[in-house]
Amino acid sequence: MIVNLEYLAFFVLLLAALLLAIKEMSVALDEVDVERFTLWTGVASVIAGLPIILW
């Protein structure tokens, strides 16, 4: 039971981090900051790939 809660907490944390990265990507696009957009796209890609890498 505890292990399932730990997995749930981990995935909720990943989802929150991914949503934050997507928000930062949106802000970078609004400011026409291509470098920052590229950085946040990379961060979002790594976050999205973590469950597959760690599974």
Side-chain angles (χ1 to χ4, degrees):
M1 179 75 175
I2 297 293
V3 173
N4 289 338
L5 290 176
E6 289 175 2
Y7 279 123
L8 178 65
F10 176 71
F11 285 119
V12 167
L13 180 66
L14 277 181
L15 179 61
L18 184 59
L19 291 174
L20 175 67
I22 291 171
K23 171 75 171 131
E24 289 296 325
M25 287 168 57
S26 174
V27 170
L29 276 178
D30 289 342
E31 296 175 0
V32 192
D33 188 355
V34 176
E35 293 172 356
R36 201 168 84 180
F37 176 77
T38 305
L39 171 73
W40 282 109
T41 302
V43 170
S45 299
V46 169
I47 293 170
L50 278 178
I52 295 171
I53 294 169
L54 298 176
W55 193 263

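Everything numeric here is computed off the predicted structure, so don't read it as measured data.
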Show me the side-chain donor-acceptor pairs of residues 38-45 shorter than 3.5 Å, one per line, residues at least two apart or across chains.
| residue | atom | partner | partner atom | Å |
| --- | --- | --- | --- | --- |
| T38 | OG1 | V34 | O | 2.8 |
| T41 | OG1 | F37 | O | 2.7 |
| S45 | OG | T41 | O | 2.8 |

Anything under 3.5 Å between a donor and an acceptor, one on a side chain of residues 4-30, the other on a protein residue two or more places apart or in another chain? List them.
none

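By the 6.0 Å contact criterion, CD on E35 is open, its count of non-hydrogen atoms from other residues, nucleotides or ligands being 12 or less.
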